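Structure first, then comments.
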Amino acid sequence: MMTHEVRVRIAPSPTGYLHVGTARTAVFNWLFARHNDGQFVVRIEDTDIERSKPELIEPIFAAMKWLGLDWDEEPIYQSKRMDRYKPYIEKLLAGGHAYRCFCTREELEEARKKAMAEKAPLQYSKKCRHLPDDQIAERLEKKMPFAVRLAIPEGETSYGDLVFGTITKQNTEIEDFVICRADGSAVYNMAVVIDDHEMGITHVIRGNDHISNTFKQVHIYRALGLDIPEFAHVPLILRPDKKKVSKRLGDKDVAEYGGEGILPEALFNFLCLLGWSPKDDREYLPRDELVKIFLLENVNKANPIFNEEKLLALNQEYIMKKPDHEIAAMVAPMLVAAGYTTKYWLETRWDYLMKIVNMLKVRCRRMTDFVAKSDYFFHSDFGYDPKAADKRFNGEGRQFLIDLVKRFEQMDDFKKEGIEGALDEVAEKLGVKRGKLIHPVRLAVSGVSEGPGLFDILEAIGKDETLKRIHKAIEFIESKGGQDAGENKEAGERNKRA
Ligand code: GLU
């Protein structure tokens with residue numbers, strides 16, 4: 001446990017969605033705060049006014065809430081803080097740590113082209129760094145526009161990164177960068193330093209693409225005489241083709257994963273494993289456990305690859321461990337939205353839904369699979385899988401179904417043990433293995449050749465429905481050419497949902 005209070009932040013730009021990379025960095029910040037009894041805050045970096053629209057910001061909050069990333073204070077909006085940077089810029093100017101640069105855009109562009117042609121470093125020439133006071137006064141008098149640049153001292157700069165250790169850079173590699181534009185607005189590096197300072201941020205945990213910014217920011221902190229926070233630069237998430245994950249390349253954002261049936265707790269666990277590991281081989285690590293064991297020391301330097309298979313495997317594990325009633329409550333509106341049933345029907349048949357959930361649980365990698373795999377529990381107007389129908393719905397299959405119907409009709413108590421016994425009895429009488437009967441019955445009652453235990457399905461849908469569906473299958477076989485219906489051409493029209 002740290003002795004001083006930990007305060008960390010996530011600083012998304014308004015994009016209209018929560019990028020998985022930002023979400024993963026938010027997960028690290030959140031876990032670090034919770035592990036240390038510290039605070040996690042949000043800062044919206046919306047200085048680009050065009051982007052400061054609620055519809056570009058709200059989805060970020062919504063996705064964070066969905067992931068369970070609760071923040072401890074009202075979010076800060078950079079756009080509302082524009083005036084706060086000015087006194088610091090004045091202080092830097094007054095202290096000689098910054099200077100006014102009167103170079104025009106054209107001059108800078110020309111210098112850049114020349115440097116490129118000469119293969120020289122593309123840095124600012126420091127032309128205005130040593131302008132005599134009278135010249136500065138004269139230009140100010142003429143109201144010539146100017147930007148403000150930080151005067152980088154000679155020597156080298158080091159900072160201790162909690163992930164990368166001490167990193168050192170020669171100051172010749174850091175240009176006298178602009179901290180304030182000619183329109184008076186502070187640039188990103190300036191705003192971040194002041195915001196982090198005023199927000200009391202103790203640890204800056206962000207993507208390693210910000211390391212070069214950190215050197216610049218360290219110079220601002222030093223020039224202003226401010227305490228420098230700890231920095232931890234975490235690895236970037238890569239696609240299997242080693243490119244950075246990006247919406248532009250078709251990668252999904254957090255809300256899309258939710259829509260595709262990924263549980264928030266599974267995504268949270270998965271994101272945490274992107275660039276961090278518990279240093280043993282565990283992967284299923286629920287949130288509470290992660291809060292206990294999360295250490296920045298265990299963040300890796302190497303950029304991790306986003307492996308969607310692993311996400312699905314974890315999701316399945318979370319589905320398996322979730323109580324049936326919780327899954328039922330989540331699945332019910334999905335079934336209604338899919339048009340399988342109504343809210344009212346489900347409310348009076350909750351036990352039926354619970355049975356379905358319990359049966360399908362082991363077979364669902366996504367929450368949406370509960371919908372895709374359950375339609376025959378709500379409808380009997382499905383078609384038959386053509387391949388399975390070709391194989392099972394022939395003369396022999398028809399006879400098996402007829403014998404089974406006769407036996408099932410005699411049953412009063414239609415429970416799975418009894419159904420199983422009855423099917424075994426028929427199989428024995430016919431001198432065939434039980435599998436020979438199970439397959440055509442499964443196809444008759446569900447339209448597909450795989451699914452939960454057949455006897456569970458039959459008990460759940462009940463005797464009347466079972467008999468009705470088997471009769472329908474017998475008729476189907478007969479309509480296809482009776483006893484030796486080898487082909488089921490029309491079966492190809494089967495309902496795709498089944
Ligand atoms: N808005 C920056 C980003 O999204 C935040 C950088 C930082 O955390 O300082 O990359």
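What you see is a predicted model, and the numbers here were worked out from it, not measured in a lab. As the structure lists them, so they are numbered: ligands from 1, and atoms in each ligand from 1.
Scanning all protein heavy atoms for the shortest distance to atom 10 (O) of ligand 1 gives H210 NE2, 2.8 Å. The protein heavy-atom contact nearest to atom 8 (O) of ligand 1 is R9 NH1, 2.6 Å.
Here's the thing with R43: none of its N/O atoms is less than 3.5 angstrom from an N/O atom of ligand 1. Considering backbone and side-chain N/O of A11, one or more are found under 3.5 Å from N/O of ligand 1.
Remark: ligand 1 atoms within the under-4.0 Å shell around heavy atoms of E45 are 1 (N), 2 (C), 5 (C). Close contacts between ligand 1 and R206 involve ligand atoms 7 (C), 8 (O), 9 (O) [criterion: under 4.0 Å to a heavy atom]. The ligand atoms of ligand 1 that sit less than 4.0 angstrom from a heavy atom of S13 are 1 (N). Ligand-side atoms of ligand 1 in range of Y188: 6 (C), 7 (C), 9 (O), range being under 4.0 angstrom from any heavy atom.
Ion pairing between R366 and D369 fails under the 4.0 Å rule for side-chain N and carboxylate O. By the 4.0 Å N-to-carboxylate-O rule, K53 lies too far from E58 to be salt-bridged with it. Looking at D70 and K65, no side-chain N of the basic residue comes within less than 4.0 Å of a carboxylate O on the acidic one, giving no salt bridge. Using a 4.0 Å cut-off between charged nitrogen and carboxylate oxygen, E265 and K322 count as a salt-bridge pair. Here E107 pairs with K127 in a salt bridge; the nearest charged N to carboxylate O distance falls below 4.0 Å. Taking the charged nitrogens against the carboxylate oxygens, R105 and E109 have no contact shorter than 4.0 Å, which rules out a salt bridge.
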